[in-house]
Every structure is written in structure tokens, then in C-alpha cells.
Amino acid sequence: MNIGIDLGTTNTVVGWMNEFGNIEFLKFDDEKIFMPSCVFFDRGSVLVGQQAVEKSSENPAAFVSESKVFMDDRKKIWEIDGRRYKAEDIAFEILKKVRMTLSKRFPEVKKFNAVVTVPAKFGEDQIRRTASALKRAGIGLIEIIKEPVAAVLAFNDDNFRSGETVFVIDLGGGTVDAALVKLTGTDGVTGFNVIEAEGNRHLGGKNLDEVIGLIAFEQLRDCSGQNLSDEATVWGASRKKIRQLICDASHEIKNQLLRANGDSEISVDLPEVCSICEKKDECRNNCEFRISLSYDEYLSAADEVYEKMKELIYPENVADMEINHVLFVGGMSADMYLRQYIESTFYNSRIICAGDVCDEEKYLTVIARGAAIKACDENIHIVNKLLNSLGLICRGKNGMYMDPVIPAGSDIDSDFEVRHVYTNNGRYETEMSFEVYEYNGDPNDFNNLEYRKIGNFVFNDINPMDTGKQKIEATFRFDEKGVLTVCAQDLNERGRSIEVSFEI
């Protein structure tokens, strides 16, 4: 069975095309079609989704959320109950829950294959880690596609024509993506070429939650004398629980403010907070703590975050381009302030806002819908822009050098392939080693290069030859799943080849 998975920073959504050609979505434990992308480790057992959220206040240290933003950070480790978890381990737990829920929904199906979406700014390292988590969870991989392309697929029917451009603004809980997609095809739209892509994997609705949280913690300090604003300095189970309650309330307040008008004021009562109050004898609120925030106060406090979002919503590189349609999707597509900014900025383009088109909270399903459509249509052809440059560092007896193989911005699809041949730079070498890197910057200025090692391979016991006689050919290609593969062959010994092992 083919499915589409939006493994989101905030929520995970799963969809498939039914026998009537309509997209359906998987319902999780709470009968909702979106599952919070979070995990709670409970003394040996693992709770995922809404169950994890409900337990989070009991022990915030055992609760992990928004782990997707750390998929590129190998140093980020969560140490819980004596075990260490990386971002791909959290993704595995979430996808395992998806697999179990699918098996309950379709007990007769033995194999699920998925198109999985990733942010436009995910590099090859993050893509491989996502693919690895999917494999560990027992779900087959059809293809990994970028989230802005999935958004265009979701709205393709009756909205777009071949030759047009769609500028996608995907603003979610933890990431922002902005991508310009060119539509191609001779009989309807079947080709999706990513022309430009920008994004920020550490910016989104959660930053607005934090802005509201700071206001709430300040109100708490004025009311009770307690300062819980810094998570690292909060001690005691009861105080940590109260802090989590305020964070949860801040998120709910934000969701109400996104749909508010200029005259609105949002209030939330949290009487549980009064249990840690140091000023009960002086209380004028009958021991009922309330967070109150007007829309104008919210906009003023959130101004810096909104300015960062605007820079991505309207980047300089698209200012002079002809844009036929602007597609605003993601959890923040319900934000009236941003919608008004987009409408005033792209006044010559047709604006499609998922928050307007989709009823209730269906705007959260857009990316999964696009992935499900791709999973069931082999005729859809996607061409992506390579985010980071790819290169090899070659090491031999006489030192090392960096060889740039594929520059950033290259058009990438399943037919893409690059071959480079390397020779020995020292006489009679018996070993040549290579390291695969993603990088940004000038490859000739290695000391100032921003780079990340993603794999390596070694040819040892090679026949010793004079300088330049030994020949190793490395082939970079992207398979039909959208995943980078690198193979190497000793051209002097045709039967000797290596498939590169990538670091996971």
C-alpha cells in the first residue's frame, strides 16, 4: 500500500488515495488526523503523539518535541533514563507509531511504502537520516520530496497550468520554507522544477510561542514572585510541571491570536499555578492565575520574529521574477497578519491560502496530501535544486586535496549522474582514501569552508603504480528515491568496486 507522510516538526500526518481517487488521512489514538511529533520516555516504555503531550508535564526532562530541527546537529543528544537519543532516533519512534497505527487500520496489508516529505533546506545528510529512520520503522521508501513541491501537488488540480510559476511559502511550527516551482508538461502539469529555494530550519510558530511564554512568565513573576522563564534553572517536579503548563497555554493563546483582529484580548485561567505562589496572603485574584494578552501587545512583542519571517516570505532573489501564484501553507497559514502581508506584497499574483481553502484544521494536511498524490502517480517528475555543494577529499601519501564534484544549485533528478576519475599523487601508493562532503563556500579555501563529512571509502592493497597511473572512478548519482548514492571503482581492476558507507 502506498502512502504519503508529512513528518513535520510539530505534527505528523499520513494520507493515501482510496479506491475512488480521494485522499484519506490516518486517525491516531485521539481520533485526530494529525499526531504531535513528540515522544515521552516513561521508565522503559515510549509514548508518542498526544499521549506524550499529556504526560509531558509530569516529567519535562523525559519529553522530546520539535526534534526535526536538530536533524543536522550530530552533537544534539537527549539523555533519558541512561540512554542517548539523536534526532533520527526520535523520528524512528514517531514513524514506528505511524507503522503500528497503519497496521491496526489495515490489518490485511503486509507492506507500506511511503513518499516522505522534508524541508526545502534539508541537505543530503538530513535526507539520508530521514530515510534511515523510515527503514528502521519498517516502512518502505518510494521517494523523498521537498515540502514545497508536495504543497504544489496538493493544489495542482484545476489551479495551475503548464508554464506557470508557483511561489510556495510553507510556514510551520519549527521551519520556514520558501520555494519557486516551475510547472512543466505537454498534457497537463506533470513536471515540477524547483527554481529557487530558501528556508530556516530554526524559525516558525514555536518562536511566537516563546514570545508569548516570556510575557506569561513575566506576569507569573509579578503575581507570584516565581521566575520560571529559564528552563535550565527550574528545579523541582511541581515547578517544572507548572512551567510546562504555561508553555502549553502560550501555544494555545498563539493559536487564538493568529485568527484574532486588532481589538481582541485573549485570557487563559491556570489555577494550578497558584500552588507555587509565594504571595498567597497578598493575592488580589482569589488565587486564580490568569494569562492575559491583547492582540496589539502580541504584535509588538513578536515584531522581531515576524521581521525574520518576512525576509523569507519575500526574499530578494524572487523580487524581480514573474510569479503567477503564491501558495501559503503550513500551520501558520491561519495567521491573519502574515496573510495580509503576503496579499499586499504579491499584489500581482493569485494568492492561495490553505487556511482559507481548507475547512477546520485540514490546512495541516496539505503536505501529506501532496505526498499521497505523488505516491500514487508515477508520471509526476520532480527536479530539485541541490542545496549544498558536494565534493570529495582525496587523501594519499603526498597529502590531500578537495575536489568539488557537484556545485550547489545544480538541477537534480533520478537521471542525474556525475563521474570523476582520481589518480595517485605519489609513487607506488598502496592505499587511497576518500571522504564525501557537503559544503558551502570556496573549495579552494579549505580552512574557511563550511563543510560536513557525510561518508567515506578506502581502496587499500591497490597495485603500486607510478604517479598518475592508478585510476579510481567515483560516481555520484541520485536514485529514484531522491537519495544520494556514491559508488567507486578501481579502473585498473574492473571487478573491484565500493559503495560508499554514509555516516548515520
Is it true that the NZ or CZ of Lys76 lies under 6.0 Å from the centre of Phe70's six-membered ring and within 45 degrees of the ring axis?
->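 Judged by the rule (NZ or CZ under 6.0 Å from the ring centre, within 45° of its axis), Lys76 counts as positioned above Phe70.
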
Test: [X] and [Y] ion pair at under 4.0 Å:
| X | Y | result |
| --- | --- | --- |
| Arg84 | Glu79 | yes |
| Arg136 | Asp89 | yes |
| Asp72 | Arg129 | no |
| Asp125 | Arg74 | yes |
| Arg105 | Glu24 | yes |
| Lys385 | Glu196 | no |

Polar side-chain atom of Lys68 near backbone of Leu7 as donor-acceptor pair, under 3.5 Å |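 Here the side-chain-to-backbone pair exists.
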
Asn207 side-chain N/O to Glu210 backbone N/O, donor-acceptor pair under 3.5 Å |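 Absent.
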
Has Lys104 got more than 12 heavy atoms of other residues, nucleotides or ligands less than 6.0 Å from its NZ?
->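 Counting neighbours around NZ of Lys104, 12 or fewer heavy atoms of other residues, nucleotides or ligands fall under 6.0 Å, so no.
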
Could you tell me whether Glu304 atom CD has more than 12 heavy atoms of other residues or ligands within 6.0 Å of it?
->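 No, CD of Glu304 has 12 or fewer neighbouring heavy atoms, counting only those of other groups under 6.0 Å.
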
Taking C-beta and beyond as the side chain, do [X] and [Y] meet within less than 4.5 Å on heavy atoms?
| X | Y | result |
| --- | --- | --- |
| Phe122 | Met71 | yes |
| Val383 | Phe192 | no |
| Val13 | Phe28 | no |

Determine all donor-acceptor pairs shorter than 3.5 Å in which one atom belongs to a side chain in residues 327-338; sequence neighbours excluded.
| residue | atom | partner | partner atom | Å |
| --- | --- | --- | --- | --- |
| Ser333 | OG | Gly330 | O | 2.7 |
| Asp335 | OD1 | Tyr337 | N | 2.9 |
| Asp335 | OD1 | Leu338 | N | 3.3 |
| Asp335 | OD2 | Tyr306 | OH | 2.6 |
| Tyr337 | OH | Lys310 | NZ | 2.9 |

Please step through side-chain contact (heavy atoms from CB on, under 4.5 Å) for the pair Val48 and Met35, ending with a clear verdict.
-> CA-CA 8 Å; Val48 179; Met35 177 179 70; 4.0 Å; yes

Establish, yes or no, whether a centroid distance under 6.0 Å links the rings of Phe63 and Phe41.
->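 For Phe63 and Phe41, the ring centres are not under 6.0 Å apart.
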
In a table with atom names and distances, give each donor-acceptor pair under 3.5 Å that connects a side chain of residues 164-178 to protein atoms at least two apart or in another chain.
| residue | atom | partner | partner atom | Å |
| --- | --- | --- | --- | --- |
| Glu164 | OE1 | Arg161 | N | 2.9 |
| Glu164 | OE1 | His325 | NE2 | 2.8 |
| Thr165 | OG1 | Glu322 | O | 2.8 |
| Thr165 | OG1 | Asn324 | N | 3.3 |
| Thr165 | OG1 | Asn324 | OD1 | 3.3 |
| Asp177 | OD1 | Ala120 | N | 3.2 |
| Asp177 | OD2 | Ala120 | N | 2.7 |

Value rounded to 0.5 Å, distance of SG in Cys38 from NZ in Lys55 =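 Cys38 SG to Lys55 NZ: 14.0 Å, rounded to 0.5 Å.
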
Are Tyr314 and Phe346 close enough, and set up right, to give a ring pair (Phe, Tyr, Trp, His ring centres under 6.0 Å), and what steps lead you there?
-> CA-CA 9 Å; Tyr314 191 58; Phe346 296 94; 5.3 Å; yes

Can you list the residues that meet the ring-ring contact (aromatic ring centres under 6.0 Å, His included) rule with Phe106, with sequence neighbours excluded?
->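 Trp16.
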
